[in-house]
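Read the structure below first, then the notes.
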Amino acid sequence: MPVIRFASHDYRYALIGPLLWASSIQYFIVQIVAAHAWHTSYNLMQNPISDLGNTSCAEYRKRMVCSPQHGFMNFSFVVLGLTMAVGAVLVCRLFERTNARSLGFALLMLAGAGTMLVGLFPENTVSSLHILGAALPFLLGNIGLILLGLVLPLPRFLRWLSIFFGSMALLALVFFMTNQYLGLGIGGMERIVAYPQTIWLIVIGFYLLRNRKV
């Protein structure tokens, strides 16, 4: 497996940026904790991720929502968005700058900002900002994955994984936006849109941590 070599003055970027991306694993852990705290049954296929951050305990869009750990979940959204954005700034510095690479990382920064909006404005509060926040990672973040898969000097497997994840998520976004859930439910289809991006951050973060040589 190739080793990415950085100049010694880039040590902080080679360590902190990938570490921030790898820490995205907290997002999945918090979801499990928040889902288990529900007074009613949380269904991965029928409940979108944002239901975990809903601050009410009532019927919401024909779904019964009651998430005692909504504060914990919304904090997780904000932390995820922050680590996505700051990580993108730092990881970008590890590679030779080109316009395409800069654009790809900029899209991930915007995706991170959007994810922060999701946590700051839960679905039952300012819905317009919540939807905008979700749209940024769903659309721009996944386009960024495809672009970085095409232009970053990563092993072939990781480049293809980036392109596959981004393409699959964008295709799922089309189905999600047209209410075609293919038997997966609104929650299941949303997860196909959202999860590949976070998994990618974790995989690339750990890869860069393991293969850096300063």
Side-chain angles (χ1 to χ4, degrees), residues 20-21 23-89 106-145 169-170 172-181 184-202:
L20 287 174
W21 275 7
S23 73
S24 299
I25 197 170
Q26 61 82 18
Y27 177 61
F28 294 112
I29 296 172
V30 173
Q31 284 186 58
I32 294 172
V33 173
H36 277 285
W38 269 45
H39 297 311
T40 57
S41 177
Y42 183 82
N43 190 301
L44 294 176
M45 296 180 68
Q46 300 304 322
N47 290 104
I49 304 168
S50 292
D51 280 358
L52 294 171
N54 194 304
T55 61
S56 67
C57 190
E59 185 174 296
Y60 178 80
R61 296 189 177 180
K62 300 181 179 180
R63 301 186 302 272
M64 186 60 197
V65 175
C66 193
S67 182
Q69 295 294 333
H70 59 82
F72 192 27
M73 188 68 239
N74 288 323
F75 180 71
S76 175
F77 279 126
V78 173
V79 170
L80 175 63
L82 186 63
T83 54
M84 287 172 65
V86 177
V89 173
L107 292 175
L108 287 185
M109 289 172 57
L110 290 172
T115 303
M116 292 179 68
L117 285 178
V118 170
L120 292 172
F121 300 98
E123 63 181 6
N124 63 308
T125 58
V126 186
S127 60
S128 58
L129 290 177
H130 184 86
I131 292 171
L132 172 63
L136 291 175
F138 284 4
L139 180 61
L140 299 186
N142 286 314
I143 292 175
L145 257 62
L170 288 177
L173 179 60
V174 174
F175 288 117
F176 182 74
M177 294 298 296
T178 56
N179 301 319
Q180 302 295 318
Y181 304 134
L184 299 174
I186 185 173
M189 187 59 71
E190 183 196 41
R191 283 171 168 79
I192 297 179
V193 179
Y195 282 179
Q197 190 170 149
T198 310
I199 294 171
W200 183 88
L201 292 172
I202 297 168

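The figures that follow rest on heavy atoms only: side chains count, while hydrogens, waters and symmetry mates do not. None of these values were measured; they are calculated from a predicted model.
Relative ring orientation between Tyr27 and Phe77 is described as tilted, the plane-to-plane angle lying within the 30° to 60° band. Taking the six-membered ring where the residue is Trp, Trp21 and Trp200 present tilted rings, their angle falling between 30° and 60°. In this pair, Tyr181 and Phe176 present their aromatic rings tilted. The plane angle is within the 30 to 60° band.
Here the straight-line distance linking atom CG of Leu44 with atom CG of Asn47 works out to 8.5 Å at 0.5 Å rounding. Distance CD/Gln31 to CZ/Phe72: 11.5 Å, rounded to 0.5 Å. One finds the CZ atom of Phe175 at 10.0 Å from the CG atom of Leu184 (value rounded to the nearest 0.5 Å). Between Thr198 atom OG1 and Ile202 atom CD1 the span is 6.5 Å, to the nearest 0.5 Å. Summarising the geometry, atom CD1 belonging to Ile131 is positioned 9.5 Å from atom OG belonging to Ser50; distances are rounded to the nearest 0.5 Å. The line from OH of Tyr60 to SG of Cys66 is 15.0 Å long, rounded to the nearest 0.5 Å.
Across all non-hydrogen atoms, the minimal contact from Val118 to Gly133 is CG2-C, 3.6 Å. The minimum heavy-atom distance between Ser76 and Gln26, with the atom names listed, is OG-OE1, 2.7 Å. Contact between Glu59 and Met64 at its shortest, heavy atoms only, is N-SD, 3.9 Å. Of all non-hydrogen atoms in Gln180 and Met189, the two that sit nearest each other are O-CE, 3.7 Å. Across all non-hydrogen atoms, the minimal contact from His39 to Pro68 is NE2-CG, 3.5 Å. Shortest non-hydrogen contact noted between Gly87 and Leu20 is N-CD1, 3.9 Å.
Contact check for Leu108 versus Leu145: side-chain heavy atoms found under the 4.5 Å cut-off. Within the 4.5 Å cutoff, the side chain of His130 has no heavy atoms near those of the Leu117 side chain. Contact check for Asn54 versus His70: no side-chain heavy atoms found under the 4.5 Å cut-off.
One N or O on the side chain of Thr115 and one on the backbone of Ala111 form a donor-acceptor pair closer than 3.5 Å. Looking at Tyr42, its side chain never comes within 3.5 Å of a backbone N or O of Leu52 through a donor-acceptor pair. Without hydrogens or angle criteria, Asn74 side chain to Gly53 main chain gives a donor-acceptor distance under 3.5 Å. In this structure, the side chain of Glu190 engages the main chain of Ile49 through a donor-acceptor pair within 3.5 Å.
Gln197 meets the side chain to side chain donor-acceptor pair (under 3.5 Å) test with Asn142; sequence neighbours excluded.
Counting non-hydrogen atoms of other residues, nucleotides and ligands closer than 6.0 Å to CZ of Phe75 gives a total of 12 or fewer.
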(request) Carefully, step by step, assess Leu139 and Leu170 under the rule side chain to side chain contact (heavy atoms under 4.5 Å, CB included). (result) CA-CA 7 Å; Leu139 180 61; Leu170 288 177; 4.1 Å; yes
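Neither side chain, Ser67 nor Asp51, offers a donor N or O lying under 3.5 Å from an acceptor on the other.
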